Student: 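Below is the structure I would like to discuss, written out as structure tokens.
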Amino acid sequence: MGTTANQDQAIKQFQSIMDHIDESMKNTYQNMHQGYPTETLVRFLKARDWNVAKAHKMLVDCLEWRIQNKIDDMLAKPIIPTNLYRAVRDSQLLGLSGYSKEGLPIITIGAGLSTFDKASVHYYVQSHIQINEYRDRVILPTATKKYGRHISTCLKVLDMTGLKFSALNHLKLLTTISTIDDLNYPEKTETYYIVNAPYIFSACWKVVKPLLQERTRKKIQVLQGCGRDELLKIMDYSSLPHFCRKEGSGSSKNTEDGSNCFSPDHAFHQQLYSYIKQQAELLDSISPIKQGSVHVGFPDPDPEDAKIAKTIESEFHRLRNLNGLSNSLNGLKVDGN
């Protein structure tokens, strides 16, 4: 893992503490680490700058969150009926376009065109956690077997096509999802690639970038245009997200070759939904699946994250005031800096 002597000592100390966790936590801990407990401890240590006491508290809090919210059963709770699931997919643009040349799953996010207006907040949080759990319990273990080495992280490509001032309307939901990821799924993303970024994004990025921790800042790359040439250095064309395949393609809802990784008809979403329904059928004999969203407890955002969200909100308001009645500045592109 390329650790220093001090870091090795921290890992041993953390392992010793975790050997004595409550029995009630052991099952969910095993679901989390998937046979790689040391690597899991390292993720939490990295997230807390190798402070063992803070990493331990973070991990125990995470395990308690998983137990209280029955996260282990999340992959057995389909969003039903199907038309509601499709509505969630059409308004929360997430997907898997393929794998990098090193075997890392490529998670795609339509940040600009996601509207989050077709269902309650709880369905969007449920859907996001299900994709996290499916990634950690199915996709990453499968990639590990296929590529013959432990793969525990992914790449994320965020499409900013269509980003508008109205994004402020769901800033609170995005902050909630981000906080859930930061606290319970730390260090799961190797690199974030930002593509198709309009002026509104670059203006916000300039004020937000200095607020980020250096560790996070290093993970974010803003690519020029659709990012195609840069991304093809790390992935094959077949894994390139549809919105990166040509300049101006954006997050088109309609792609002729069926490559739209946001579509509920895409192979990834079909496999995910089938898996969740199968798991639900296994649990159904114990307790029938009820229609309705799963209510997950929302953790309080980190003060730093709250500060960043407030900064984004202030910058959006400033830009909107500067531009009067203009609703979107999507035509202007950043230069990649």
Side-chain angles (χ1 to χ4, degrees), residues 31 66 69-98 105-140 142 154 156-159 161-162 167 169-170 172-174 176-178 180-181 184-185 188 241-243 251-255 257-298:
N31 265 333
R66 293 183 66 89
N69 295 285
K70 300 182 178 178
I71 302 300
D72 291 340
D73 295 335
M74 190 63 79
L75 288 177
K77 295 179 179 177
I79 294 175
I80 48 178
T82 309
N83 63 342
L84 175 60
Y85 175 71
R86 295 184 73 88
V88 170
R89 287 278 58 82
D90 284 340
S91 52
Q92 181 185 35
L93 303 182
L94 286 166
L96 177 81
S97 65
I106 301 158
I107 305 290
T108 55
I109 301 169
L113 289 176
S114 290
T115 55
F116 301 100
D117 60 352
K118 300 278 196 310
S120 74
V121 166
H122 297 286
Y123 280 117
Y124 291 117
V125 172
Q126 177 181 344
S127 164
H128 181 84
I129 293 173
Q130 284 178 333
I131 288 177
N132 279 356
E133 290 294 309
Y134 188 72
R135 173 197 65 197
D136 293 352
R137 292 198 251 165
V138 179
I139 293 171
L140 290 172
T142 301
C154 63
K156 286 185 178 175
V157 185
L158 284 74
D159 180 24
T161 298
N169 297 337
H170 41 260
K172 187 175 180 181
L173 169 59
L174 293 175
T176 296
I177 286 173
S178 173
I180 286 172
D181 282 356
N184 303 294
Y185 303 92
K188 276 290 178 180
H242 66 281
F243 50 81
S251 296
S252 171
K253 296 259 182 176
N254 302 302
T255 49
D257 59 359
S259 64
N260 184 341
C261 45
F262 298 143
S263 169
D265 297 317
H266 187 271
F268 165 71
H269 286 300
Q270 290 289 304
Q271 290 161 8
L272 168 61
Y273 199 62
S274 293
Y275 182 90
I276 292 174
K277 284 198 293 184
Q278 286 167 4
Q279 296 300 308
E281 286 165 8
L282 291 174
L283 275 186
D284 192 46
S285 57
I286 304 168
S287 57
I289 299 300
K290 295 176 182 176
Q291 199 161 312
S293 61
V294 175
H295 286 225
V296 172
F298 299 159

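Worth knowing before you read on, the calculation uses all heavy atoms, side chains too, and leaves out hydrogens, waters and symmetry mates. These numbers come from a predicted model, not from an experiment. Heads up: numbering here begins at 1 and tracks the sequence.
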Student: From L94 CG over to I131 CD1, what is the distance, rounded to the nearest 0.5 angstrom?
Tutor: 4.5 Å
Student: Is there a donor-acceptor contact under 3.5 Å from the side chain of S274 to the main chain of Q270?
Tutor: yes
Student: Any carboxylate oxygen within less than 4.0 angstrom of a Lys/Arg side-chain nitrogen, looking at R66 and E133?
Tutor: yes
Student: So, do I106 and K156 sit near enough that their side-chain heavy atoms are less than 4.5 Å apart?
Tutor: no
Student: With a 3.5 Å distance limit and no angle check, can you tell me whether S91 reaches the backbone of A87 through a side-chain donor-acceptor pair?
Tutor: yes
Student: Which of parallel (below 30°), tilted (30 to 60°) and perpendicular (above 60°) describes Y85 and H269?
Tutor: perpendicular
Student: Does any non-hydrogen side-chain atom of K172 lie less than 4.5 Å from one of V121?
Tutor: no
Student: Might you point out which heavy atoms bring R137 and I71 nearest each other, and give the distance in Å?
Tutor: NH2-O, 3.2 Å
Student: Does D90 pair with K118 as a salt bridge, N-O distance under 4.0 Å?
Tutor: no
Student: Where is the tightest heavy-atom contact between V296 and M74, given as atom of each residue plus distance?
Tutor: CG2-CE, 3.7 Å
Student: Going by atom types only, do S114 and Q92 share a side-chain donor-acceptor pair under 3.5 Å?
Tutor: no
Student: I'd like to check the ring pair (Phe, Tyr, Trp, His ring centres under 6.0 Å) partners of Y185; sequence neighbours left out, ordered by chain and number.
Tutor: none
Student: Side chains of L113 and T115: does their closest heavy-atom pair fall under 4.5 Å?
Tutor: no
Student: Quick one: pull up CD in Q126 and OG in S120 and give me the separation to the nearest 0.5 Å.
Tutor: 8.5 Å
Student: Might you work through the side chain to side chain contact (heavy atoms under 4.5 Å, CB included) test for T82 and Y273, ending with a clear yes or no?
Tutor: CA-CA 9 Å; T82 309; Y273 199 62; 4.1 Å; yes
Student: Nearest heavy-atom pair of R89 and L93: which atoms, and what distance?
Tutor: O-CD2, 3.5 Å
Student: Any chance the side chains of N69 and H295 put a donor and an acceptor closer than 3.5 Å?
Tutor: no
Student: Could you check whether any side-chain heavy atom of H170 comes within less than 4.5 Å of a side-chain heavy atom of Y124, counting everything from C-beta outward?
Tutor: no
Student: Considering all heavy atoms of both residues, which atom of L75 and which atom of Q130 are nearest to each other, and what is their separation?
Tutor: CD2-O, 3.5 Å
Student: Of the non-hydrogen atoms in C154 and R135, which two are nearest, and what is the gap between them?
Tutor: SG-CD, 4.2 Å
Student: Which atom names give the shortest non-hydrogen contact between A76 and A280, and what distance separates them?
Tutor: O-CB, 3.4 Å
Student: Any heavy-atom pair between the side chains of F243 and F262 that's under 4.5 Å?
Tutor: yes
Student: Distance from I276 atom CD1 to I80 atom CD1, nearest 0.5 Å?
Tutor: 11.5 Å
Student: So do L96 and T108 actually touch side chain to side chain, heavy atoms under 4.5 Å?
Tutor: no
Student: Quick one: do V294 and I129 satisfy side chain to side chain contact (heavy atoms under 4.5 Å, CB included)? Show the steps, please.
Tutor: CA-CA 11 Å; V294 175; I129 293 173; over 6 Å; no
